[in-house]
Each structure stands twice: as structure tokens, then as C-alpha cells.
Amino acid sequence: MDEPAAMQPNRDPRATLPDLLEVLLNKGVHLNLDLIISVADVPLIGVNLRATIAGMETMLEYGMMNAWDRDTRAWVQKSLSAHLPLAEGEEVIAKMAGGHYHEGFYRTWRPGTAYLTNRRLIIHRRDPVETLWQAPLASITAIEPIRERSIGGESRTRLHVTLEDESRSMLSAVDPERLISLVRGQLGHSPAAEADELPGAADGPVLEGPMWYLETRAEGGTWRAGHASLTEADGLVWKSPLDGRARVRTSLLEDPRYTLEEHENPTDEQQVLVLDSAAGTTRLAAPDVVRWHEELTTRKGAGDGARG
Amino acid sequence: MSEAADLYVYAVVGDGDYRPTATGIDGAPLQVVDAPSGLRAVVHEHTAGPYEGPDDDVKRWILEHSDAVDDAWQQCGAVLPVSFNVIVHGDQEAGSTPAQQLADWLETNTSLLGPRLEHLEGTTELRVEISLDRAKHVAEDPEVLSLTAEMESRPAGVRRLLSKRLEKMEKDLADRAADGLYPDLRTRLAQHCVDIEEYRRAARDPGLVPVLTAACLVRTAQTEGVGAELTSIQQEHPSLSIRFLGPWPPYSFADMTATEGSMTA
């Protein structure tokens, strides 16, 4: 590799055909004519909504509806309510694959989709259509993760839900921790405050929640929405659900330093978190940014120890 | 059946002088549908319904579709590509032809489409796939070397077990290395891009661990800059394998719904 000349992109169809197929056929991409047209009620045939839906599904799984504008949110609510009956004013906050452990005449896991709305937690099956389990949020007194060993010997985390009538149910979800933290967010508990009381909290995150990362692009900075967690082992990790890997992983940094700085950002906070290291400067925004700063500075020693 | 033929749509452009120089799918002559606002759709007259057929036909159609989009992009400088198989009907009840339907749609959505076209003016999509060559990466690792050496002296059955362990060890090492490389690569690439969007693709080669797979929207003049960045990345990390595709019309950036990262405040 002594060639100093800049690498040239390749547009030979023999090399790019698989990518073109993906782009024009499967993943959609393109102008989402279909989406817009279906809203405008212009009749179209042969349209492909899958790509758009796939992107939205990812965001929904993360409970990141806020990342969209009002019109898009309205459209998503409309398309969701086609399968899931919603009450007036009820909005879906998150959706992910899930299930309910049925303990009636027989005991079995019944798979479906877990929906969290601003009113209810629901396990719903689309085909054949049936609401497998549901509870109004107001009736939930506790939601906790419990570890369970599957038949294969794998350890899985389930959701244990207690209602005000003291009935208990076991649910599953593809990302149980996130669903629990989203439910608690809706219940008005601070997910961080409660993490300390959990059984097995030692290996769970010290703090976690939505966080924005300021990325420098050719024409300025862009705040990117994502999810952050702070654990003893990995330090601060930030990742966008749209990316392949985590952009911030402080356990890999030498001597990370944290300060607070006034900076325009997508949260209600005045300040953002500035992370300095030999690898450069990173700006992060989060609700409760002061708490993040506090935990990061007190735990700095622990993070350093985990390196290598 | 409505009287006028349906319209198969390739792209939306803003250039009033655009005259297609390519042909469409199966050599169909391309036409342009104008809306009063100045937006125009590149189409062909279509009577047969959506394209369906064997894979080889679909591949040819896709290439022909992309040729038509490409022609509009090269000549106009900005284009909103439309995905494969988008076909506009007439509305019999309202008595409007497909061309009227399409022009109406363009007109109704001018406030969305116009700014998006402006944003894409003079831009190019490049695709960058950076992967880590697992074998190259672990070749010098002391743990891997000692386990490999140990295997040599063991009976076949044990060797089989150890080779499983070796494979997992190599996988974990490469994955951790990829985690470590990613932040710097993403930062370096992003600074050349107006927009950058990662995507997932099926593994082409099990020996390659994906590090960063992204569609990059760049000012056309910046293509060279991305190439130079990739060259220096390659020189710094010989165990990385880089696939660099384009220049393309901005296929991945015409989407007007997912406004990821926009300020909500």
C-alpha cells in the first residue's frame, strides 16, 4: 500500500448490482413517494412501504418517537392503530417483539408484540388477532427484570409486572431492560434512581437513557439521537440505533475528562456534557445532564481501571 | 380501465430544460410530466401493471431504472430518485388522467419536494464499507498463536474442540478491535459528508467483520476528499478491507420522512 493517490469509487454495475438491487428494491431509500402519496390519497400500485416501516420500527423499538416531526408521528400512529385499537388520545411510545407467559389451563409463552402507549402496556398478537395481555399504566405498581434460565441453558431477562390488585404477570421482550426503563419513564419514576434497588444491580447500568451526540459534518454540526448507558465495566457508551457500533465508549479512552458547557441542544437543559481525551472532544446532550456529569466524574477511576 | 395509460415514475427533477437522453425499462421512451410549480417527474407510459418476473429480469430492470435516474441526475444536478415499481393510475371517479394525478401530487407536495431537491443540488452518494479481515487481524495475537500451537500436538478430537474455541476467540478479538476502530473512522468519514447514514448488509465474506457500512452524501467536489481519507485509513490499518462505491444519485437521501437528528427544541 504505497500508492498515495486517493481511492477511486467504483460504479461498474458488475460490482454494484447487489447494492443497486438493495437500494431500489428492498430497502427502499429513494423518495418515499409511497408514504407521501398514501397520505395524499393518490392511488398508486406496486409501492414498497417496507423500507420506511423498517426504519421506523427500529426507532419505535427504542421508544424514540420524539425524533420525528408531528406529521410523521401522526402517520405512524395511524398505521399502528390499523392493527391495534387505540383509545382517543392514546399514543404508542414503543413497540418491540414480546410475549406473555400464559398460566391458565396450560402454561406457555404466547408470542406477540409488546406495545407501550401513554395509557397501557399491551402484548398484542396480530395474526390471528388477539390481545394476549394488557394493563393500564395506572394499575402497574411494579415492573422488574428477573433472570431466567431457558431450556437451552441460556440466561434470559424477563419482565415481572405487579398490578395494584397484587396479581403478577410474566412478560418477555426483545429488549427487556429498555422496555422496563420506558415503562418506568411513563410511570414517572426515575429509571436511574430505581436501578439501585434492583436485584443484581451490580452488573446493570448505573445510569441510562436518551442522549444526543453532536456530530461534525462537512456543513456543520448535527445532534444525533441515541441511547447512552453508564456501567462499571464499559464506562459511558453512546450508540444511535441507526448505527452499527457505539460512537462513544469511554473505557477505550485514555484519561477521559468531563466538563459542562452552555451550548444549544435538543433537550431542555442549558448545558451539555463535554468529553475530552486524546481522541478529541465530544459533546453530548441529555436530560438530567448534571447527574450524568456527577456520575461520570465520580466513577472516572473505575472506568480507567476497566481499560485493557 | 381508465383511458390514458398509467405512468411509471423514475425520478423527480426541478430543471425546466431537462430532456431525457436515456431510455427507460425495456427501452421505453421517457417523458416528462410538468407541474405548474416547475417540478417535473420523469416517467414512461405503462399499461402492464407492476414488473414481476424471474430474478435475472428484475436485475436488468433495476439497472435500466437506475440508468434513467442517472441520466436525470447527470443533467440536472439534483434528482429525487423514486424506487422501483411506482406506478400512477388515473382516477376514474374524478375523471383525471395519470398525468393530472401526478402533476397534482407534485403540486401539493412542492413545499416538501422543492427544498429537498435544493438540499441535494450538487451532491453525490458514495457508499463506503469498511471491514476488518479477521485472519489478518489475529495473525500476530499471542493468545491465538499459543492456542494454534497447542492444537498441533493434540489428538483429532481435542483439536476439533480447540478449533471451535479458537474460532470464538478470533471472532471476539476482531469484534473488539472493530469496536475500537469505529469511533475514529466514523468521525473521519462524517466530516466529509453533508449527511451520512449507516446501513446493514448481508455478510459477503464470513472472514470480514463489518466495522462501518455507510451511505455518504457529499458535495460532488468532495468525492476526492473521501477517497483520500480512505487511502490514509487503509495505510494506517492494513488489516482493513475497504469497498468504495459510486458516484451515485443520492438514492439513500431522498427520503423525506425520517428526520433523524434534527433539533426538536
statement: Applying a strict 4.5 Å limit to non-hydrogen atoms, the region of B:Ala178 in contact with chain A is both
- prompt: Short question: side chain of A:Arg217, backbone of B:Asp195 - any donor-acceptor pair under 3.5 Å?
  reply: no
query: Would you find more than 12 non-hydrogen atoms of other residues, nucleotides or ligands less than 6.0 Å from A:Asp268 atom CG?
result: no
- prompt: Do B:Thr187 and A:Arg247 get their side chains close enough for a donor-acceptor pair, meaning under 3.5 Å?
  reply: yes
query: Any side-chain heavy atom of B:Arg176 within less than 4.5 Å of one from A:Leu252?
result: no
field: From B:Lys59 atom NZ to A:Leu20 atom CG, the distance as rounded to the nearest 0.5 Å
entry: 12.5 Å
field: Close side-chain approach of A:Asp243 and B:Glu197, heavy atoms under 4.5 Å
entry: no
message: Around atom CD of B:Gln100, are there more than 12 heavy atoms from other residues, nucleotides or ligands closer than 6.0 Å?
response: yes
task: Tell me, for A:Asp19 versus chain B, whether the close heavy atoms (under 4.5 Å) come from the side chain, the backbone, both or neither.
output: both
field: Euclidean distance, B:Phe244 CZ relative to A:Arg11 CZ, rounded to 0.5 Å
entry: 12.5 Å
- prompt: Would you call A:Arg245 and B:Asp175 a side-chain contact if the rule is heavy atoms closer than 4.5 Å?
  reply: yes
Under 4.5 Å from a heavy atom of chain A, the part of B:Glu236 involved: neither
field: Flag side-chain contact, heavy atom, 4.5 Å: A:Val248 against B:Pro183
entry: no
- prompt: Between B:Thr231 and A:Met7, is there a donor-acceptor pair closer than 3.5 Å when you use the side chain of the first and the backbone of the second?
  reply: yes
- request: Only pairs at least two apart or in different chains count here, so list each salt bridge (charged side-chain N to carboxylate O under 4.0 Å, His left out) that has a residue in residues 210-223 of chain B.
  value: A:Glu219-B:Arg219
- request: For the residue pair B:Leu126 and A:Pro9, establish whether any side-chain heavy-atom pair is separated by less than 4.5 Å.
  value: yes
message: For a 4.5 angstrom cut-off between non-hydrogen side-chain atoms, does B:Glu198 reach A:Leu242?
response: no
query: Tell me, side chain or backbone of B:Thr213 under 4.5 Å from chain A's heavy atoms, or both, or neither?
result: neither
message: Under 4.5 Å from any heavy atom of chain A, what part of B:Ser232 do you find: side chain, backbone, both or neither?
response: neither
Whether B:Gln191 side chain and A:Thr216 backbone form a donor-acceptor pair below 3.5 Å: no
Among the listed options A:Ala246, A:Ala279, A:Pro13, the residue most often paired with chain B at heavy-atom distances under 4.5 Å: A:Ala246
- line: Applying a strict 4.5 Å limit to non-hydrogen atoms, the region of B:Asp179 in contact with chain A is both
field: Any A:Glu215 side-chain heavy atom under 4.5 Å of B:Ile196 side chain
entry: yes
